[in-house]
Amino acid sequence: MSQKARCYAEISRSQIAANYRAVKTAAGPAADVICVVKADAYGHGSVEVSRTLCREGARWLAVSSVEEGITLRRAGIDCRVLVMAGVMPWEYEALREFRLTPVAHSLDDLRRLDEVRTPENAAPIDVHLKIDTGMDRLGTLASAAEIAAVVLALRNVRVEGLMSHFASAADFNSPQTEDQIRLFEAMSRELNELGVRPPISHFSSTNAIAFPRPGATLSMVRPGHAIYGYVSNARGTFRAPALHVSPALSWRTRIVTVKDIPAGAKVGYGGSFVAPAPMRIAVLAAGYADGVPHRLSNKGKVIAGGTLAPILGTVSMDLTTIDITPTPQLQPGDEVTLLGREGDVSLDAQQIARTAGTISYNILCGISARVKRFYVD
Ligand SMILES: *Cc1c(COP(=O)(O)O)cnc(C)c1O
């Protein structure tokens, strides 16, 4: 379908829903799914994506910040919302007001949360405690005894969940994932013996769901990338992914102008592309301010007139030039696909990322706010 916009992303609700169902199947009937909708749902629009997921039966969403959680609440989204990347000191009171569930990353976090002003007779606030099992980013390195001493003294906080995060779940050449699982199991066991028994535990994001290992699934899983239709490539010896998803987002732009240039013409800033022969070029209404990586200069491709068309010269802020010599029928106003499918030709975020020297997550999150989002069923 084509939309009236210079540059737009079209998101398929039914594909988001199908990807969610695929994750549920892969995780098995015993595991609930926390859908990660941080960073505006990886560029897909957190409110619409969350509505779609809740309609599909999702009971948990996860975001990075309190601000992202408030955006969901203000849009009327009622699922549980986990805030995974830290709460700032001025945000503590908003947790209760907006019914957000914070992740605590240290024993100090737990103590600070416990000190937040609480209305008389209010129920304790639920918190998930993150254990650093070897990623050395967020999460506590405290021992089970130290954790238990703090947790058992909490008055306004209930530790509802215990969680961790894998650093290398798609890498079967590394023992890191098994090491992390072993550490988490030992921690859960020791905490249990000390009387700390959170009812929920979760560890796996997309890669650990797609390439499962014993002990990784627990009571919930936390997919982001898979919800949007992507699974990373695994390394080493592994079983084929247990998860089949497809991209939910297409990204398109329009041709602003078309022209014929002579041999020797220099295209764009710095004249880094020199036409080897007469060519027909099209200038597109999208540039790095829309999220087209500057690194695609003279390297990337788009789909124009149903075929791959190379990017010529440097990607500029608002414009990108392509070669349309093989498709001279293209006219100003015609649509070009930056990410998506035209007939049998497709380009996904992983292919674009490879050319740009980055990762698919970066491509999706990089589609800027200026790019209009449209939703189709
Ligand atoms: C982003 C994130 C996820 C989701 O990761 P994907 O690889 O996109 O599935 C899960 N857990 C945490 C803590 C995250 O930060």
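Small disclaimer: the values here were computed from a predicted structure and weren't measured. Atoms within a ligand are numbered from 1 in the order they appear, just like the ligands themselves. Here, residue 1 is the first one in the sequence, and each next residue gets the next number.
Using a 4.5 Å cut-off between side-chain heavy atoms of Ile, Leu, Val, Met, Phe, Trp and Tyr, with links allowed through other members, Met317 and Val283 fall into different hydrophobic clusters. Transitive grouping of hydrophobic side chains (ILVMFWY, heavy atoms separated by less than 4.5 Å) brings Leu364 and Val245 into a common cluster.
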Could you go through Phe203 and His165, starting from their C-alpha distance and side-chain angles, then the distance that decides it, and tell me whether this counts as ring-ring contact (aromatic ring centres under 6.0 Å, His included)?
CA-CA 5 Å; Phe203 209 153; His165 193 46; 8.3 Å; no
Which N/O atoms of ligand 1 sit under 3.5 Å from a protein N/O, and at what distances?
{"from": "ligand 1", "atom 1": "7 (O)", "to": "Tyr361", "atom 2": "OH", "distance (Å)": "2.6"}
{"from": "ligand 1", "atom 1": "8 (O)", "to": "Tyr42", "atom 2": "OH", "distance (Å)": "2.5"}
{"from": "ligand 1", "atom 1": "8 (O)", "to": "His225", "atom 2": "N", "distance (Å)": "2.7"}
{"from": "ligand 1", "atom 1": "9 (O)", "to": "Thr206", "atom 2": "N", "distance (Å)": "2.8"}
{"from": "ligand 1", "atom 1": "9 (O)", "to": "Thr206", "atom 2": "OG1", "distance (Å)": "2.6"}
{"from": "ligand 1", "atom 1": "9 (O)", "to": "Gly224", "atom 2": "N", "distance (Å)": "2.8"}
{"from": "ligand 1", "atom 1": "9 (O)", "to": "His225", "atom 2": "N", "distance (Å)": "3.4"}
{"from": "ligand 1", "atom 1": "11 (N)", "to": "Arg222", "atom 2": "NE", "distance (Å)": "2.8"}
{"from": "ligand 1", "atom 1": "11 (N)", "to": "Arg222", "atom 2": "NH2", "distance (Å)": "3.2"}
{"from": "ligand 1", "atom 1": "15 (O)", "to": "Lys38", "atom 2": "NZ", "distance (Å)": "2.7"}

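Side-chain polar atoms of Glu335 and Tyr8 form a donor-acceptor pair below 3.5 angstrom. A side-chain donor-acceptor contact under 3.5 Å links Ser164 and Thr133.
A donor-acceptor pair is defined here as one N or O able to donate and one able to accept, closer than 3.5 Å; no such pair exists between the side chain of Thr217 and the backbone of Ala27.
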